[in-house]
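Because the structure is a prediction, the values reported are computed rather than measured.
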Amino acid sequence: MATESRPPSSSATSDLAAVADLLWRVEAECPAGGRPRLTARRIVDAAVAVVDAEGLDALSMQRVAKDLGCTAMALYRHVPGRDHLVAAMVDTATGRPPKATGAGWRAEIEAWVAALGECYARHPWMVRVPTVSAPVGPNELAWFEALLGALLRSGADRAELIPLATFISGAVRDLARVAAELDAAQAASYGRVLAERLDPEEFPVLCSLTGEAGLDEEEDGDVAPIVTCGITRLLDGIEQSPTARERRR
């Protein structure tokens, strides 16, 4: 989780506070029975529905207002602007993390990673939203807390908890972005295109890996094996760390 090298400006601080206020208010406004009224939660839910169906480029205050049967100006009474709306959409679409099962810290992290990957697969537009701050919404913070808790139980040093959690969540998000952007046809031809051009003397390792995962003719751009491999090796390192082993004891 990156931090600023200098104190943020008062305007940046107030804007982040405004985003946080909206995110926590949306989470508190659970849908209720009876005649629907315009709330921040209804606006966010409608916006998520638009973007799930048509992509992030289709989002506008006017479009959401049309689906809700009101004017765009009416939305601004509940949501300050489009950027605030998108931030609330991400937190709402993220939902709550998987519950701890007691199966052990490693199994919980693996389940956390898989669940986050599934979330991005359901809402691929989320990986296109710029990351402008550390998480401040109730759902995203709940995911971060769940990951931190599992890492703490691993015995990892407390000073490493936030860097490790940030690395894991960032890796899952970025590979989900790659999966959303990849062209399946180009992914399938990648190994063949390289094999026709690579000089074994200049690229000996790449040439030796022709036909392996990522360079074979059946490549479909699936990043799940990459995520699994990376997370497995990272958790292996934590598990075998002398510090972590001592802390677990």
#### Entry: By side-chain hydrogen bond (donor to acceptor under 3.5 Å, both in side chains) - contacts of Arg153 (at least two apart)
Glu108
### Query
So which heavy atom on Pro138 is nearest to which on Arg96, and how close?
O-NH1, 3.3 Å
### Query
Is there a path from Val26 to Val50 through hydrophobic residues (I, L, V, M, F, W, Y) whose side chains come within less than 4.5 Å of each other?
no
### Message
Distance check, rounded to the nearest 0.5 Å: Ile168 atom CD1 versus Leu147 atom CG?
### Response
5.0 Å
## Note on the structure
Ala180 and Val127 have their tightest heavy-atom pair at CB-CG2, 4.4 Å
### Task
For Glu140, check side-chain contact (heavy atoms from CB on, under 4.5 Å) against everything at least two apart and list the hits.
Val90, Asp91, Thr94, Pro135
### Task
Indicate the atoms forming the closest heavy-atom contact of Gly137 with Leu23, along with that distance.
CA-CD2, 3.3 Å
### Message
By the ring-ring contact (aromatic ring centres under 6.0 Å, His included) test, which pairs, at least two apart or in different chains, include something from residues 63-96?
### Response
none
### Message
Applying side-chain hydrogen bond (donor to acceptor under 3.5 Å, both in side chains), can you list everything that pairs with Arg122, at least two apart in sequence or on another chain?
### Response
none
#### Entry: Shortest non-hydrogen contact between Ala93 and Met126, atoms and distance
CB-SD, 3.9 Å
### Message
Let me confirm one number: the CG-CG distance from Leu152 to Leu164, rounded to the nearest 0.5 Å.
### Response
11.5 Å
### Considering all heavy atoms, the nearest Ala150-Trp105 contact
O-CB, 3.2 Å
### Task
Would you give the length of the straight line joining atom CD1 of Ile109 to atom CD1 of Ile238, rounded to the nearest 0.5 angstrom?
5.5 Å
### With Arg177 via side-chain hydrogen bond (donor to acceptor under 3.5 Å, both in side chains) - residues at least two apart
Asp174, Glu181
### Query
Is any side-chain heavy atom of Trp112 less than 4.5 Å from a side-chain heavy atom of Ser169?
yes
### Task
With rounding to the nearest 0.5 Å, note down the distance linking CD in Glu110 to OG1 in Thr232.
6.0 Å
### Summary
Those residues at least two apart in sequence (or on a different chain) that pass side-chain contact (heavy atoms from CB on, under 4.5 Å) with Ala53 are none
### Query
Is Val193 reachable from Val178 through a run of I, L, V, M, F, W or Y residues, each pair having side-chain heavy atoms under 4.5 Å apart?
no
### Task
Enter the distance from Ile162:CD1 to Thr166:OG1 here, rounded to the nearest 0.5 Å.
6.5 Å
### Query
Linking I/L/V/M/F/W/Y whenever any side-chain heavy atoms sit under 4.5 Å apart, do Trp24 and Val132 land together?
no
#### Entry: Derivation and outcome, side chain to side chain contact (heavy atoms under 4.5 Å, CB included), residues Thr92 and Arg41
CA-CA 9 Å; Thr92 297; Arg41 181 58 184 260; 4.3 Å; yes
### Query
How would you list, by chain and number, every residue that makes a salt bridge (Lys or Arg N to Asp or Glu O under 4.0 Å) with Glu196, sequence neighbours excluded?
Arg192
### Message
Using modelled atom types and a 3.5 Å cut-off, is there a donor and acceptor pairing between side-chain atoms of Thr228 and backbone atoms of Pro225?
### Response
no
All N/O donor-acceptor pairs, side-chain side in residues 58-70, below 3.5 Å, sequence neighbours left out:
unit_1	atom_1	unit_2	atom_2	d
Ser60	OG	Arg63	N	3.0
Arg63	NE	Asp67	OD1	3.4
Arg63	NH1	Glu54	OE1	3.0
Arg63	NH1	Glu54	OE2	3.1
Arg63	NH2	Glu54	OE2	2.9

### Query
Which residues pass the side-chain hydrogen bond (donor to acceptor under 3.5 Å, both in side chains) test with Glu160, sequence neighbours left out?
none
### Query
Looking at Leu234 and Phe167, what are the two nearest heavy atoms and their distance?
CD2-CD2, 4.2 Å
### Message
So, taking the atom named CG in Leu161 and the one named CG in Leu151, what distance separates them when rounded to the nearest 0.5 Å?
### Response
6.0 Å
### Message
Which residues pass the side-chain contact (heavy atoms from CB on, under 4.5 Å) test with Leu198, not counting sequence neighbours?
### Response
Leu194, Phe203, Leu206, Cys207
## Note on the structure
Those residues at least two apart in sequence (or on a different chain) that pass side-chain contact (heavy atoms from CB on, under 4.5 Å) with Pro98 are Ala115, Trp143
### Task
Start with the C-alpha gap between Arg128 and Val86, add the side-chain angles, then the distance that decides, and say whether side chain to side chain contact (heavy atoms under 4.5 Å, CB included) holds.
CA-CA 11 Å; Arg128 291 186 54 202; Val86 171; over 6 Å; no
### Message
For Asp236, give me all partners under salt bridge (Lys or Arg N to Asp or Glu O under 4.0 Å), at least two apart in sequence or on another chain.
### Response
Arg106, Arg233
